[in-house]
Each structure stands twice: as C-alpha cells, then as structure tokens.
Amino acid sequence: MENEQQGQETHAEDGETSAVENAYWHENVRLLVVLMSIWFIASFGCGILLRDWLDQFSIAGYPLGFWFAQQGSIYVFMALILFYVLRMRKIERKYDLDD
Amino acid sequence: MSTQTLIYLFVGLSFALYIGIAIWSRAGSTKEFYVAGGGVNPVVNGMATAADWMSAASFISMAGLIAFLGYDASVYLMGWTGGYVLLALLLAPYLRKFGQFTVPDFIGTRYYSKAARVVAVICLIFISFTYIAGQMRGVGIVFSRFLDVSIFWGVIIGMGIVFIYAVLGGMKGITYTQVAQYCVLIFAYMVPAFFLSFMITGNPIPQIGLGSEVNDGSGLYVLQKLDLVLTDLGFAPYTDGSKSMIDVFCITLALMVGTAGLPHVIVRFFTVPKASDARKSAFWALLFIAILYTTAPAVGAFARLNFVDTVNQTAYEDAPAWFGNWEGNDLIAWVDKNQDGVMQYSAGTAFEGTPVFTEERGASGERLLSNVPTPENTNEVYVDRDIMVLANPEIGNLPGWVIALVAAGGLAAALSTAAGLLLVISSSVSHDLLKSTFRPDISEKGELLAARLAASAAIVVAGYLGIYPPGWVAEVVAFAFGLAASSLFPAIFMGIFTKSMNREGAISGMVSGLFFTFAYIFYFKLANPAANVAENWLLGISPEGIGVVGMVLNFVVAIAVSKMTASPPVEVRKLVDSIRVPRGAASAHVH
C-alpha cells in the first residue's frame with residue numbers, strides 16, 4: 001500500500017495519473033454507466049416510452065406505467081443512490097483512496 | 001381556540017423558532033457564511049437540502065398541478081427527483097472534493113478564465129432571481145388567505161424574517177433554520193394527507209391509499225373512479241396524458257438536468273466534510289424529498305375527487321364555507337350560466353381570462369364578474385390550481401389545528417427556498433465578482449460585509465418582485481430550469497469527466513446553450529405568446545422542455561471548439577485528477 005501511495009504522489013507531480021487512480025476511475029465510470037442505464041430505463045423507459053404497453057398490467061389499483069411515472073421511478077432513484085454510496089465505499093477501500 | 005387564533009399561534013411559534021436558531025448560529029467568517037464552515041453532518045445537510053429544494057411550488061402548487069393534469073404532471077414528479085441521481089453520481093462528490101465556495105468558483109478555476117466565471121455568475125443570478133420572485137409570491141398568498149394581512153405586509157414580514165437569519169447567519173444560519181423548516185413543512189403536508197387517505201380509502205398511508213379501493217361500496221379503485229367521474233364530466237381520463245410523448249420526455253429531462261445544475265442546490269453539497277459525505281447527503285436529501293413527492297400524487301387525486309364531489313351539482317347557498325373564503329380571495333369563481341342557483345362543474349373554461357370581480361353580488365349571493373361567460377360549454381366554475389393543498393384541510397373538514405399547520409408549512413417551504421437562493425446570489429456577488437474578479441485585495445472582513453450587503457440588496461429586490469409581480473413571473477419558471485440545464489450542467493459535467501475540455505470550448509458551449517434556450521423561451525413565452533402551440537415548436541418540444549436541445553447544443557459546440565483550440569494546461573489536468581479521487585478533501589485546492 002505504501003508503495004502505491006508513493007507512486008501516486010510522484011506521478012501526480014509530473015501531471016500523469018497513477019495506475020491505481022486510473023483503475024479506480026475506470027471502475028467508477030463502469031459502475032456509473034450501469035446505474036445511469038437503470039436510471040434511464042426506470043423513468044424514461046417505464047414511465048414514458050413503454051408506459052402505454054405497461055398500463056395493461058397493474059400493481060394494486062395502479063396501472064403499472066402510471067405507477068412507474070408517479071411512484072416507482074422515485075423509489076428506484078433512491079435505491080440507485082444508496083447502492084452507489086455503499087458500492088463506492090467498497091471500491092475506495094479496495095484501492096485505498098477513501099477519504 | 002378558534003382556527004384563526006391557532007393560525008397566529010402556529011405561524012408565530014415557527015417564526016420565533018427560526019429567529020432563535022439564527023441568533024444561536026451567527027456566522028463569524030466568510031467560510032461560515034458561504035458553506036457553514038464545511039462541517040455539516042450529511043443527514044442534517046440532506047434535510048436542509050430537502051427544505052431548500054422544496055419551494056412554495058412543491059408545497060402549494062404541485063399537488064394542484066397533479067390534480068388537474070393527471071398523468072401529464074408526472075414530468076414534475078420524475079423531473080424534480082431524478083435530478084438527484086445526476087447530482088449524487090455525476091457532480092456532488094467531485095465538486096465537494098474541489099472544495100471551494102461557489103459554482104462559478106469551479107467553472108472559473110477549471111476553465112482557468114475570469115470570463116468563464118463571469119458567464120457562470122450571470123447564469124446564476126438570472127436563474128436565482130426568476131426562482132425567488134415565485135417564493136415571495138407564495139409568502140404573500142399564504143399571508144393574505146390565512147392571516148388576514150395584505151400581500152404587501154405579508155411580503156414585508158417574510159422579508160424581515162429571511163433578513164434576520166440569512167444576513168446574520170449566512171449559510172450556517174440557513175442550514176439550521178432549513179432543518180427546522182423541513183420538519184414543519186413535512187409534518188404539515190403529511191397530516192392532512194393521512195386524514196384524506198383514511199377518509200377516502202380506509203388506509204391512512206397515501207402511497208398505498210392511491211392504489212386502493214374507494215370505501216364507498218362501489219368496489220372501484222381510486223384511479224378507476226377518478227377516470228370515470230372525469231370522463232362523465234367531459235374531461236380527459238386522469239391516467240391518460242394530453243402532452244405528446246416527445247414533449248413529456250424532453251420536459252422531464254430538462255427538469256432533471258436543470259435540477260442538477262441549480263446553484264442553490266449544488267452549493268449545499270459544499271457544506272459537508274468529505275466527498276463521500278456528499279454522496280450520502282444526496283441520498284438523504286432525496287429520501288426526505290421523496291416523502292413529499294410520493295405523497296403528492298395521492299393528495300392531488302384525492303383533492304380532485306373531493307372537489308368534484310362537493311362542488312358539482314351543489315346549490316351555491318349550500319356550498320361549504322371554504323368555497324366562499326377562496327372566492328373572497330379571487331381564487332374561485334362561479335357564473336350561473338343557466339340561472340338555476342346550482343353549480344355545474346365540467347370540462348372547458350367558465351369564462352374568458354382570469355376572474356375580474358365587480359363589487360356586486362348575484363341572485364344566489366355569489367360575487368359577480370365582468371368576464372364574458374363562454375357559451376360553448378356548461379362549466380360554471382373557475383378554480384385556481386394553487387388552492388388545492390391549502391384548501392384540502394377545509395375541503396376534508398379537518399380540525400382547525402391542521403389548517404394552522406398547513407399555513408405554517410406553506411410559509412416554511414417558501415422561506416427556506418428564498419433564503420437558499422439569496423445566499424447564492426450574495427456569495428456570487430461578494431466572492432466571485434468582488435474577491436475573485438474585480439477586487440482581489442479585499443479583506444476577509446470586507447468580503448463578509450459585502451456578502452451581507454449583497455444579501456440585503458437581494459432581499460429588497462426579491463420583495464419588490466413579490467409585491468409587484470411582473471406579469472411574466474409565472475411564465476418564465478421554465479427559464480430557471482432550461483438555463484441551468486443548457487448552461488451550467490454541461491460545463492460542470494465536462495469539467496469533471498473530460499480532461500481535454502478547455503476554456504474556449506466551455507465558454508462557447510455555455511454561451512450558445514444559454515443564448516439558444518433564452519431566445520426560444522423568450523420568443524414563445526414573451527414576444528409572441530399567440531404562436532406558442534405545438535405546430536410551431538421545434539421538433540414538437542415546448543419551451544418547458546427546450547433546455548434539452550440547448551444542452552445538446554452546448555455539448556456539441558463545446559467539443560467542436562475544444563478540438564480546434566489549445567488543450568488545457570498541465571495544472572488543470574492535475575486539478576481534474578485530484579477531484580476524481582476522494583482522498584484529501586480538506587486540502588484539495590490547487591491554486
């Protein structure tokens with residue numbers, strides 16, 4: 001760990017990104033792509049584009065598409081942020097870059 | 001105790017609480033004034049962000065919009081919550097790691113340019129003033145209806161309260177008053193919602209109630225009954241929309257991206273200790289917001305059912321007291337087209353324009369209007385959407401203390417947002433314009449004084465806009481979100497996620513996004529409102545959703561220009577490297 005940190009500092013001085021930071025950033029971006037896709041599917045997908053089709057199903061007294069537009073998408077948003085908070089804590093510990 | 005006494009008591013107590021907090025949490029340094037010292041607990045900051053974000057529009061207007069727009073109002077529900085995903089995942093942790101005081105700070109430093117900073121300040125001031133005028137108006141409405149004070153004095157009292165805690169306490173005072181205001185407003189929103197849901201469906205949880213059967217023995221679900229009742233009266237079914245799919249899509253996206261680009265929201269994430277706290281804080285903020293936002297659709301649907309039930313085919317003489325109260329405040333009107341003394345409510349407008357009352361009373365005792373009744377439909381009732389939440393406790397016959405609570409809650413929502421907006425205006429003037437651009441030699445004390453003076457001046461302007469609202473205020477809320485989406489969001493996003501974006505690209509992107517969006521909204525909302533119909537819109541996108549096109553334009557122009565000009569200096573690449581990793585948030589300044 002100590003070596004990694006030193007490498008990071010020397011690299012940072014000449015304007016290059018260290019290997020650890022690079023790997024960390026790529027893992028972060030990969031995670032972001034997955035989560036942003038779910039964000040898009042839950043709101044724009046289920047709540048808008050696929051709504052008419054989804055409305056043939058229902059969840060209690062809600063037509064399913066309508067439920068996604070006025071309730072479900074908001075629950076998904078909360079779950080996404082919570083997952084990101086927990087997952088990033090793990091990733092940051094793995095690369096020893098946590099604050 | 002009479003309802004009126006209770007209202008004075010609740011509003012008075014809540015004001016005393018805010019002032020008490022302000023005196024306890026005075027700001028002693030610019031860091032305390034701008035970012036509350038940077039040591040706010042993420043849960044506390046989440047709660048303050050929720051109060052900051054939920055304005056008079058969320059508290060007073062949103063359920064009313066949902067009640068009258070049905071599915072179409074989903075754009076607000078998704079748009080005003082989905083932006084927090086963008087904030088938590090794409091912006092907040094990195095901006096916190098950057099660790100400065102304002103949004104123009106980041107843009108000015110990342111794009112190594114005073115011009116970029118000044119462009120950001122201009123966007124910020126325009127966005128914030130558009131927004132704040134609406135808050136002061138909300139304060140005025142609540143005062144005039146519930147406290148029998150004229151709108152003029154209502155706004156003056158509201159200004160006085162905000163002055164005390166925003167000018168004395170800065171961000172520190174605002175943070176802790178916003179926590180108190182969140183508690184007041186969420187309690188005030190939920191109590192009537194529980195009552196209404198229980199009354200209509202037998203289940204007190206509104207989110208479940210909206211999906212349950214109506215307890216009138218019909219066996220119908222709430223939404224089915226609502227669709228049935230409304231189509232009977234000639235309205236479109238509640239669960240169908242009338243907006244086109246592309247427009248719904250673009251408005252939702254513009255509101256989401258706009259939310260993530262609003263300076264008074266972003267700046268709240270500068271107040272937590274660490275980058276990881278910014279993520280946590282965004283989660284808590286959305287959780288606290290979602291409590292109200294998932295309740296609003298239920299409140300809207302119940303209110304619409306109740307309203308049709310109590311008003312349609314009721315003789316004016318038998319109308320409940322709240323009907324006359326709101327008629328007295330010009331927000332409800334009735335024209336007896338068929339002279340039968342009974343109110344007929346159906347689709348269509350009852351008369352042309354907004355009500356202009358004469359001093360006379362009609363045969364049934366109703367206030368007469370000088371508007372021309374519309375002969376082509378049978379609707380006789382005019383109702384302003386904004387009264388739904390405020391009138392709900394009265395429509396549902398709830399006890400007096402609930403009405404008093406709602407009055408205090410509406411004021412809390414308007415005041416908390418107004419204070420947050422005033423703070424970003426004042427810090428952009430004292431910090432970005434004076435300290436960082438025109439008067440770099442200003443002392444810490446001088447900067448703090450300038451911040452307080454700028455906050456005071458902004459309060460006076462906001463109050464003026466609240467008392468004498470220019471006709472365009474309601475028309476230009478689209479500006480705030482559209483401009484934030486088309487100017488600030490892309491610049492911040494590219495500043496974090498690409499190292500090659502340079503000064504020339506960012507400035508030309510911001511300017512073209514801003515100019516395009518501004519011109520489109522200005523043309524359809526102000527210059528030529530008659531042309532504001534779907535056939536004339538670009539790609540069928542309304543002015544509310546055009547920020548999306550402005551945002552795309554911003555990205556395209558910025559990338560094209562940056563490819564043709566010199567890449568950013570090494571220090572800036574290092575800065576980007578440093579904001580991408582969370583470690584060392586407290587000392588991340590590369591200056």
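Chain letters run A, B, ... following the sequence lines, proteins first, then strands; residues in each count from 1.
The OG atom of B:S276 sits 8.0 Å away from atom CZ of A:R89, with the distance rounded to the nearest 0.5 Å. Once rounded to the nearest 0.5 Å, the distance linking CD1 of A:I74 with OG1 of B:T294 reads 6.0 Å. If you take CZ on B:R279 and CG on A:L82, they are separated by 12.5 Å, rounding to the nearest 0.5 Å. For the atom pair CD1 of A:I48 and NZ of B:K243, the computed distance is 11.5 Å after rounding to the nearest 0.5 Å.
With a 4.5 angstrom heavy-atom cutoff, B:V248 touches chain A via backbone and side-chain atoms both. Heavy atoms closer than 4.5 Å to chain A are found in both the backbone and the side chain of B:L253. Interface residue B:F283: backbone and side-chain heavy atoms are both found under 4.5 Å from chain A. Only the side chain of A:Y24 comes within less than 4.5 Å of a heavy atom in chain B; its backbone stays farther off. Neither the backbone nor the side chain of B:Q224 has a heavy atom closer than 4.5 Å to any heavy atom of chain A. Heavy atoms of A:F40 lying under 4.5 Å from chain B belong exclusively to its side chain. Heavy-atom distances place both the backbone and the side chain of A:S43 under 4.5 Å from chain B. With a threshold of 4.5 angstrom between heavy atoms, A:L49 approaches chain B through its backbone and through its side chain.
With ring centers used as reference points, A:W67 lies 6.0 Å or more from B:Y71. Annotation: B:Y84 is not in aromatic contact with A:W39 [ring centroid separation under 6.0 Å not met].
The candidate with the highest count of non-hydrogen atom pairs below 4.5 Å against chain A, out of B:I289, B:L77, B:L90, is B:L77. By number of non-hydrogen pairs under 4.5 angstrom with chain B, the leading residue of A:V76, A:L80, A:L32 is A:L32. With chain A as partner, the option from B:T239, B:I208, B:L86 having the largest number of non-hydrogen pairs under 4.5 angstrom is B:T239. If you tally non-hydrogen atom pairs under 4.5 Å between each of B:T81, B:L223, B:L89 and chain A, the highest count goes to B:L89. Counting heavy-atom pairs under 4.5 Å between each of B:L210, B:L87, B:D277 and chain A puts B:L210 at the top.
In the model, A:Q70 has a side-chain atom that pairs as donor or acceptor with a side-chain atom of B:S74 under 3.5 Å.
Using a 4.5 Å heavy-atom threshold, the side chains of B:Y293 and A:Q71 count as separate. Within the 4.5 Å cutoff, the side chain of B:M256 has heavy atoms near those of the A:F44 side chain.
For B:K574 and A:E21, the salt-bridge test fails: no basic side-chain N is under 4.0 Å from an acidic carboxylate O.
With A:D99 contributing its side chain and B:K274 its backbone, the two residues share no donor-acceptor pair below 3.5 Å.
Closest approach of B:V85 and A:M36 over heavy atoms only: CG1-SD, 4.3 Å. Contact detail for A:F77 and B:M78: the closest heavy-atom pair is CE1-O, 3.9 Å. Of all the heavy atoms in A:R51 and B:D240, the pair that sits closest is NH2-CA, 4.1 Å.
In this structure A:D98 satisfies the salt bridge (charged side-chain N to carboxylate O under 4.0 Å, His left out) test together with B:R583, sequence neighbours excluded.
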